[in-house]
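Owing to the predicted nature of the structure, the values given are computational and were not obtained by experimental measurement. We're numbering straight along the sequence, starting at 1.
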Amino acid sequence: LSTGSTVSELVVIGEVGQDVTVPCHYSVRNGDGITSMCWGRERCPNSKCSQPIIWTDGWRVTEQHSSRYQLRGDLHRGDVSLTILDAREADSGIYCCRVEIPGWFNDQLINHKVVIKKARISTASPHTYTSEQTS
């Protein structure tokens with residue numbers, strides 16, 4: 001008999017300067033089951049979120065550590081995906097989505113590995129730069 005929360009891991013790849021959305025959903029039936037959740041940096045711990053960056057009570061965002069972290073999905077339908085605005089390389093790392101489901105060890109945990117890459121440099125036309133020196 002296996003008990004305990006299910007932990008899955010997904011990889012999300014984004015580019016520096018872009019908005020990056022890290023998906024997370026839980027099921028809500030007829031407005032029942034709306035619950036609190038948090039996003040944190042690092043893997044999901046035994047409870048809550050380590051280094052929390054945003055919390056919601058299921059209806060609205062109750063705590064936000066930076067305006068760059070937003071929940072833009074429909075919270076009332078269980079879309080608690082995290083959007084990171086103007087992503088930076090420093091945003092790379094593990095993110096934990098923890099949906100608090102009543103009961104012992106029922107929380108839904110998803111660890112996401114976020115990789116933010118430097119924007120690819122376009123090689124459309126080569127430019128030559130000359131520096132002028134004046135004496």
Side-chain angles (χ1 to χ4, degrees):
L1 184 69
S2 160
T3 60
S5 33
T6 315
V7 180
S8 55
E9 188 166 295
L10 298 164
V11 177
V12 175
I13 297 173
E15 261 184 25
V16 169
Q18 301 289 318
D19 293 352
V20 176
T21 299
V22 188
C24 188
H25 300 85
Y26 68 97
S27 79
V28 173
R29 290 176 198 84
N30 309 327
D32 275 354
I34 290 177
T35 186
S36 56
M37 65 82 57
C38 59
W39 278 96
R41 298 288 304 253
E42 304 299 320
R43 292 188 182 284
C44 297
N46 290 332
S47 68
K48 304 293 179 199
C49 287
S50 56
Q51 299 181 42
I53 54 177
I54 198 161
W55 285 84
T56 172
D57 60 6
W59 299 98
R60 60 187 177 83
V61 171
T62 54
E63 198 179 317
Q64 187 177 14
H65 287 257
S66 164
S67 58
R68 292 179 53 242
Y69 299 121
Q70 297 190 357
L71 300 181
R72 292 184 160 176
D74 188 344
L75 298 181
H76 309 135
R77 291 178 184 232
D79 181 355
V80 289
S81 299
L82 175 70
T83 299
I84 304 169
L85 303 181
D86 188 23
R88 304 168 185 162
E89 279 185 273
D91 293 320
S92 296
I94 303 291
Y95 287 76
C96 163
C97 171
R98 174 186 291 272
V99 177
E100 298 179 336
I101 297 174
W104 290 95
F105 306 110
N106 286 338
D107 289 1
Q108 172 186 305
L109 311 177
I110 304 172
N111 288 313
H112 291 275
K113 181 177 183 185
V114 174
V115 179
I116 307 296
K117 298 180 171 179
K118 282 195 176 91
R120 286 181 292 286
I121 296 155
S122 74
T123 53
S125 59
H127 293 287
T128 310
Y129 294 101
T130 55
S131 61
E132 294 178 349
Q133 286 186 324
T134 54
S135 51

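Here Leu75 contributes atom CG and Arg60 contributes atom CZ; the two are 11.0 Å apart, rounded to the nearest 0.5 Å. Note: Asp57 CG to Met37 CE = 12.0 Å, rounded to the nearest 0.5 Å. Taking CD1 of Ile84 as the reference point, atom OG of Ser66 lies at 10.0 Å (rounded to 0.5 Å).
Residues that satisfy the side chain to side chain donor-acceptor pair (under 3.5 Å) test with Glu63, not counting sequence neighbours, are His65. By the side-chain contact (heavy atoms from CB on, under 4.5 Å) test, Pro45 pairs with Ser50, Arg98, sequence neighbours left out. In this view, Ser47 satisfies the side-chain contact (heavy atoms from CB on, under 4.5 Å) rule with no residue, not counting sequence neighbours. Take Ser36 and apply the side chain to side chain donor-acceptor pair (under 3.5 Å) test, not counting sequence neighbours, and it matches Glu100. By the side chain to side chain donor-acceptor pair (under 3.5 Å) test, Arg88 is found to be paired with no residue, residues two or more places apart in sequence or in another chain being considered. Thr83 meets the side chain to side chain donor-acceptor pair (under 3.5 Å) test with Thr21; sequence neighbours excluded. Asp74 pairs by the salt bridge (Lys or Arg N to Asp or Glu O under 4.0 Å) definition with Arg77, not counting sequence neighbours.
Residues Asp91 and Ile116 share a closest heavy-atom pair of CB-CG1, 4.1 Å. In terms of heavy-atom proximity, Gly33 sits nearest to Val28 at O-CG2, 4.3 Å. The two residues Val16 and Lys118 make their nearest non-hydrogen contact at CG2-CA, 3.8 Å.
Hydrophobic clustering (side-chain heavy atoms under 4.5 Å, transitive across Ile, Leu, Val, Met, Phe, Trp, Tyr) keeps Val80 apart from Ile94.
Lys113 is not listed as a side-chain neighbour of Leu10, based on a closest heavy-atom distance of 4.5 Å or more. Within the 4.5 Å cutoff, no side-chain heavy atoms of Trp55 are placed close to those of Val61. Residues Pro23 and Val12 have side chains in contact (heavy-atom distance under 4.5 Å, counting atoms from C-beta outward).
Annotation: side-chain hydrogen bond (donor to acceptor under 3.5 Å, both in side chains) contacts involving residues 37-46, sequence neighbours excluded, comprise Glu9-Arg43, Arg41-Tyr95. Within the structure, the salt bridge (Lys or Arg N to Asp or Glu O under 4.0 Å) test picks out the following pairs touching residues 11-26 (sequence neighbours left out): Glu15-Arg120, Asp19-Arg72. Applying the disulfide bond (SG atoms under 2.5 Å apart) rule to pairs touching residues 89-119 yields Cys24-Cys97, Cys44-Cys96, sequence neighbours excluded.
The other members of the hydrophobic cluster of Val11, by chain and number, are Ile13, Val115 (side-chain heavy atoms under 4.5 Å, ILVMFWY only). Through direct or indirect side-chain contacts shorter than 4.5 Å among Ile, Leu, Val, Met, Phe, Trp and Tyr, Leu85 is connected to no other residue.
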Step by step, work out the side-chain contact (heavy atoms from CB on, under 4.5 Å) result for Ile110 and His112. CA-CA 6 Å; Ile110 304 172; His112 291 275; 3.3 Å; yes
Can you list the steps and then say if Val114 with Val22 is a side-chain contact (heavy atoms from CB on, under 4.5 Å)? CA-CA 8 Å; Val114 174; Val22 188; 3.8 Å; yes
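Between the side chain of Asn106 and the main chain of Pro102, a donor-acceptor pair closer than 3.5 Å is present. A donor-acceptor pair under 3.5 Å is formed between the side chain of Gln64 and the backbone N or O of Tyr69. At least one donor-acceptor pair under 3.5 Å links the side chain of Tyr26 to the backbone N or O of Thr35.
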